[in-house]
Amino acid sequence: MKTSHLKVLTLALALGLTGSLFSPQASARHAGAATEQQQACACFEIEVTGQGPAIILIPGVASSGEVWQSTVQALQADYQLHVLTLAGFAGVKPIPMQSWGDGYLAIQQQAILRYINEQQLDKPVIIGHSLGGYLALALAANASEQIGGAVNVDGLPALGALFSQAAGSNNEQQPQQPQRFDPMAMAKSMASDEDWQQQIVANMMRSDGQTSGRVMGELMQADLRGQLANIRVPVLTLGALQNGAPYSSPEQVQQNYENQLANAPAQYHRFAFAPDAKHFIMADAPEWLNQQIIQFLAKPEQE
């Protein structure tokens, strides 16, 4: 079965994936022990909007917090929204790589937990897209006592495993050479809306290439599947069934999500799938996305 994950690898290479990659297993083990360098880290920029129970919104690789604009508008009357743009992305100053320690994923988990403590947020819900979805899952698995729940918007706990599976299923074919990186072609594969395609490219071009590449490398190595069994807060995964089009059917895409998240306890985790959305669900199905989030926040526990 072909998938679109060759595009993901091409993106990682084009954005500057060089040198050593960092161990996600070490990131998970050390997520609770920040070093002095990490404590001093300017790990993200943040905008706070609205009043009420706290929600932290995390975008993906090479994205800005602006991707959450429609969600902010839908929620700000009832919630206090803390919208992040992570270091190195969309014009935010990158973290010096000599300070990465156990890796970018670990740094960001530590920084978010530190922010929760410093701001005295009472078990905020974490909502993340892509990389942000991975971080939401990681926090739900490793810091359930500090958050109230998580919404994973089209993130995977083991992206590299899915890529390896796809490559293995095509082992009878000749290896394909990565094509020349085309930012707009990449954007079109991730969103159908033309304005969003332009925004995705603009954010990509404003991002630090080395940060983007190495973070993609970490995500390709990361594997949270075993840790998902530790989840003790409500988690909603929102999948985009057109994310693999035209190489994978919606049924195959849904099966991939279900396989990857099979270890999440059924009493805490549930799925919903956007049938016509690509990777940026907020671009292709914003009303559906926001309604799913509103329903989850109103009643996060499993029915």
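Position 1 is the first residue of the sequence, and the numbers go up from there. Computed from a predicted structure; not experimentally measured.
- By the side chain to side chain contact (heavy atoms under 4.5 Å, CB included) test, Ala187 pairs with Met184, Gln197, Ile200, Val201, sequence neighbours left out.
- Residues satisfying the side chain to side chain donor-acceptor pair (under 3.5 Å) criterion with Gln254, sequence neighbours excluded, are Glu258.
- Rounded to the nearest 0.5 Å, atoms CD (Gln108) and CD (Glu218) are 10.0 Å apart.
- Applying the side chain to side chain donor-acceptor pair (under 3.5 Å) test to residues at least two apart or on different chains, none of the pairs has a partner in residues 44-58.
- The distance from the CG atom of Leu81 to the OG1 atom of Thr71 is 9.0 Å, given to the nearest 0.5 Å.
- For the side chain to side chain contact (heavy atoms under 4.5 Å, CB included) test, residues two or more places apart in sequence or in another chain that qualify with Asn263 are Arg225, Leu228.
- Among pairs with a residue in residues 65-86, those fulfilling ring pair (Phe, Tyr, Trp, His ring centres under 6.0 Å) read His82-Tyr115, at least two apart in sequence or across chains.
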Donor-acceptor pairs under 3.5 angstrom involving side-chain atoms of residues 84-95: please list them, not counting sequence neighbours.
{"from": "Thr85", "atom 1": "OG1", "to": "Gly65", "atom 2": "N", "distance (Å)": "2.7"}

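- Contacts of Gln255 classified as side chain to side chain donor-acceptor pair (under 3.5 Å), with partners at least two apart in sequence or in another chain: Asn259.
- Taking the side chain to side chain donor-acceptor pair (under 3.5 Å) definition, one finds that Glu251 meets it with Ser249, sequence neighbours left out.
- Partners of Asp284 under the side chain to side chain donor-acceptor pair (under 3.5 Å) rule, at least two apart in sequence or in another chain, do not exist in this structure.
- Counting only N and O atoms by type, the side chains of Asn203 and Arg206 include a donor and acceptor under 3.5 Å apart.
- Remark: Ala140 engages Ile147, Ala150, Ile231, Val233, Val235 in a side chain to side chain contact (heavy atoms under 4.5 Å, CB included) (not counting sequence neighbours).
- Applying the side chain to side chain donor-acceptor pair (under 3.5 Å) definition to pairs two or more places apart or across chains, those involving residues 147-161 are Asn152-Thr237, Asp154-Asn243, Asp154-Tyr257, Asp154-His279.
- Residues satisfying the side chain to side chain contact (heavy atoms under 4.5 Å, CB included) criterion with Gln242, sequence neighbours excluded, are Ala245, Pro250, Lys278.
- Around atom CD of Glu145, more than 12 heavy atoms belonging to other residues, nucleotides or ligands sit under 6.0 Å away.
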